[in-house]
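What follows is a set of notes on a single structure, which appears directly below.
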Amino acid sequence: MKLQFISHSPNSRRLILIFAGWGTSPGLYAGCTRTGWDTLVAYDFDDFNFPTDIIAQYSTIYLFAWSLGVYAAHRALSDVNITSAFAINGTLTPVSDNEGIPNDIFSATTATLSARNLTKFRLRMAGSRTALDNLESRLPIDSDIDRLRSQLELVATNAENNNTITDTLPWRRIYIGEDDRIFPAAGQHNAWNHHRPGIETVSLKAPHFIELAEIVHSVIPDTERVAHRFHKALPTYDSAAEAQRLIAGHLADMAVTAAPAGKELRILEIGVGSGLFSRMYTHRLPIASVTYLDLYPLPRLNLVTDERYIQADAEKWIEECNEQFDLIVSASTIQWFSHQARFFANAARCLAPDGALVCSTFLPGNLSELDRLRPSPMLYLPLEKLEAALHRNFNNVIIESRPIPLTFPTPREALLHLKATGVGGSSAVSPSGASLLRALTPPPGETVTLTYRPAWFSANNRGNKTND
């Protein structure tokens, strides 16, 4: 196995880990980067021995495995603490008539491999001659045919004993190209339904090769883009944020109920934005101080005597924070976090013994009306996983959820709402106004709907001895 960083910073704590497809090299994955993340490519799988020391510095690791890289990751990373894993056109049973590459095709590919047949394989992989022509500058020019054959033989030999291997990777989402001519789509569906029933699956109109950069960018938010969109929307946010106002109002009620009694509170608010939520709870609580934390510079709210403003990445900031707060609150922000479970652990550490965490977030299916414009739906933590992560760190966990549908008389009104509130995701390519209008246009005689799917929760620090 070879490893190569395509972006690297000595102080980074977040890693995009790519397990490459057979016969490819790091050049194919050059676009799989995000600001604040390192990117490491594992490729040329002559063995499945992964040197864990190379990733020891990272607290958050997102694995993206493509093709035979899915199986290689399954074999190599059983002892690695992966945060989330994503499989693209591959299975845990790569040599299988029903769950992978059919046995006779895999055997024939191995036995007859040559430079000419490798080109034919790549043509099937790309889906068309034009697509392959566009990829060729990113593929190895002089491939070692004997070595590639031995890698296929390694997979075939190990796959025979695959039933003895326990899959420990936290697969969050499976991407399946319905036009895949290497791993048949039907076999992929069979495999994942067998090994991980109920797992989220995204079907794409795509061949075996899917541009991994688009998937990486759809899964990992571009925090700079998010900050820019919401900052740009500040002047219009409060007047347009109908759903957000309902969410913030209910969250303020929960914060008042959960706040420790009999003291003036030290509050940390994450993702302050326009201060819509801040104004809802401030006059209802006895407050000693508030620390406002956001990605972009905030105007002073002047709601309490002692206000502090911090511009920072909240996940990184709270990981290094040594302060204590009585109440940590956040309205519709933590869905952008890359490692919510770690955030909960850090929040618990930063709370006083009787302190509470009170937040709103969003669940899968949020604004699903926009999904057709994204390379894949945004990644939200399912309700059951949110609840489990909270119970690991807190007592008295209370979670509520309900959809909030907004209706608009025309697609244009819906589009104006999205722009005025800065909502719409962080995809690498922003949909045009025209494409948004087309996506939002309903059948004749129907109104336009945008459906928010929020979840609210409150949780007490474990220093509070009350049992769950």
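Scope of the values below: all heavy atoms of this structure, side chains included, with no hydrogens, waters or symmetry mates. Along the sequence shown, residues carry numbers from 1.
- Atoms CZ and CD, on Phe362 and Gln335 in that order, are 5.5 Å from each other to the nearest 0.5 Å.
- Checking side-chain atoms of Ser330 against main-chain N and O of Ile270 turns up a donor-acceptor pair under 3.5 Å.
- Each of Phe183, Trp171, Tyr175 was evaluated against Trp192; a single residue qualifies, Trp171, per the ring pair (Phe, Tyr, Trp, His ring centres under 6.0 Å) test.
- A donor-acceptor pair is defined here as one N or O able to donate and one able to accept, closer than 3.5 Å; no such pair exists between the side chain of Asn393 and the backbone of Ala348.
- Residues Thr282 and Ile287 come closest through the heavy atom pair O-CD1, 3.7 Å.
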**OP:** Would you please test Ile328 and Val358 for side chain to side chain contact (heavy atoms under 4.5 Å, CB included) and show each step?
**Re:** CA-CA 6 Å; Ile328 298 177; Val358 184; over 6 Å; no
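- Remark: the backbone N or O of Ser59 is not paired with any side-chain donor or acceptor of Arg14 at under 3.5 angstrom.
- Glu369 and Thr449 form no side-chain donor-acceptor contact under 3.5 Å, judged by distance and modelled atom types alone.
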**OP:** Under the side chain to side chain donor-acceptor pair (under 3.5 Å) rule, what do Gln311 and Asp294 come out as? Steps first, then yes or no, please.
**Re:** CA-CA 5 Å; Gln311 181 182 354; Asp294 215 318; over 6 Å; no
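- Heavy atoms from other residues, nucleotides or ligands lying under 6.0 Å from CG of Asn193 number more than 12.
- The distance from the CG atom of Leu363 to the CG atom of Leu386 is 7.0 Å, given to the nearest 0.5 Å.
- Side chain of Thr257 to main chain of Asp253: a donor-acceptor pair is present (N/O by atom type, distance under 3.5 Å, no hydrogens or angles).
- A centroid separation of less than 6.0 Å is found between the aromatic rings of Phe209 and Trp66.
- Between the side chains of Asn366 and Tyr452, no donor N or O sits under 3.5 Å from an acceptor N or O.
- Just one residue in the list Thr291, Leu265, Ile267 forms a side chain to side chain contact (heavy atoms under 4.5 Å, CB included) with Phe325, and that residue is Thr291.
- Gln340 contributes atom CD, which lies 9.0 Å from atom CG of Leu390 (distance to the nearest 0.5 angstrom).
- Nearest heavy atom pair, residue Ala389 against residue Ala341, reads CB-CB, 4.2 Å.
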**OP:** For side chain to side chain donor-acceptor pair (under 3.5 Å), just list the numbers for Thr24 and Tyr29, CA-CA rounded to whole Å, side-chain angles, deciding distance to a tenth of an Å, and then say yes or no.
**Re:** CA-CA 9 Å; Thr24 67; Tyr29 313 96; 2.7 Å; yes
Subject >> Worked check of side chain to side chain donor-acceptor pair (under 3.5 Å) between His194 and Glu99 >> reply: CA-CA 9 Å; His194 175 205; Glu99 296 186 353; 2.8 Å; yes
Subject >> Derivation of the side chain to side chain contact (heavy atoms under 4.5 Å, CB included) call for Arg300 and Glu307 >> reply: CA-CA 8 Å; Arg300 289 196 65 84; Glu307 296 180 342; 3.3 Å; yes
**OP:** Please test Trp336 against Asp222 for side chain to side chain contact (heavy atoms under 4.5 Å, CB included), starting from the C-alpha separation and ending with a verdict.
**Re:** CA-CA 9 Å; Trp336 299 110; Asp222 182 341; over 6 Å; no
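- Between the side chain of His74 and the backbone N or O of Thr91, no donor-acceptor pair lies under 3.5 Å.
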Original post:
So Leu406 and His417, side chain to side chain contact (heavy atoms under 4.5 Å, CB included) or not? Walk me through it.
Top reply: CA-CA 10 Å; Leu406 299 184; His417 165 79; 3.8 Å; yes
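- Ile174 is not listed as a side-chain neighbour of Glu200, based on a closest heavy-atom distance of 4.5 Å or more.
- Contact annotation: the side chain of Tyr292 never approaches that of Arg308 to less than 4.5 Å [non-hydrogen atoms, C-beta and beyond].
- From Leu246, atom CG reaches atom NE2 of His250 across 11.0 Å, with rounding to the nearest 0.5 Å.
- Between His195 and Pro197 the shortest heavy-atom distance is C-CD, 3.6 Å.
- Within a 6.0 Å radius of CZ in Arg196, more than 12 heavy atoms belonging to other residues, nucleotides or ligands are found.
- Here the side chain of Arg349 pairs a donor or acceptor atom with the backbone of Cys321 at under 3.5 angstrom.
- The existence of a salt bridge linking Arg138 and Glu211 is confirmed by a sub-4.0 Å separation between a basic side-chain nitrogen and an acidic carboxylate oxygen.
- With 3.5 Å as the limit, one finds a donor-acceptor pair spanning the side chains of His208 and Ser67.
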Original post:
Are Arg266 and Asp306 close enough, and set up right, to give a salt bridge (charged side-chain N to carboxylate O under 4.0 Å, His left out), and what steps lead you there?
Top reply: CA-CA 10 Å; Arg266 299 160 297 172; Asp306 187 355; over 6 Å; no
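- With Asp38 contributing its side chain and Ser9 its backbone, the two residues share a donor-acceptor pair below 3.5 Å.
- Within the 4.5 Å cutoff, the side chain of Leu77 has heavy atoms near those of the Leu63 side chain.
- Leu268 is listed as a side-chain neighbour of Trp317, based on a closest heavy-atom distance under 4.5 Å.
- Going from atom CD1 of Ile399 over to atom CE of Met254 covers 8.5 Å, rounded to the nearest 0.5 Å.
- Residues Leu301 and Tyr309 come closest through the heavy atom pair N-OH, 2.6 Å.
- Scanning both residues, Gly273 and Leu298, for their nearest heavy atoms gives O-CD2, 3.5 Å.
- In this structure, the side chains of Ile176 and Leu204 stay at 4.5 Å or more apart for every pair of heavy atoms.
- For Asn302, the CG atom is densely surrounded, since the number of other residues' heavy atoms within 6.0 Å is greater than 12.
- In this structure, Glu323 contributes its side chain and Cys350 its backbone to no donor-acceptor pair below 3.5 Å.
- Taking the side chain as every heavy atom from C-beta outward, Asn89 and Ile182 never approach each other to under 4.5 Å.
- A heavy-atom distance below 4.5 Å is found between the side chains of Phe5 and Leu15.
- Atom-to-atom distance recorded for Cys359:SG and Phe457:CZ is 4.0 Å, nearest 0.5 angstrom.
- Judged purely by atom type and a 3.5 angstrom limit, Glu178 has no side-chain atom pairing as donor or acceptor with the backbone of Ala185.
- For the pair Val70/Leu68, no side-chain contact is recorded, criterion being any heavy-atom separation below 4.5 Å from C-beta on.
- Within 6.0 Å of the CD atom in Glu400, the count of heavy atoms belonging to other residues, nucleotides or ligands exceeds 12.
- Minimum heavy-atom separation, Asn461 to Leu351: ND2-O, 3.0 Å.
- The closest donor-acceptor contact from the side chain of Glu269 to the backbone of Val290 lies at 3.5 Å or more, if one exists at all.
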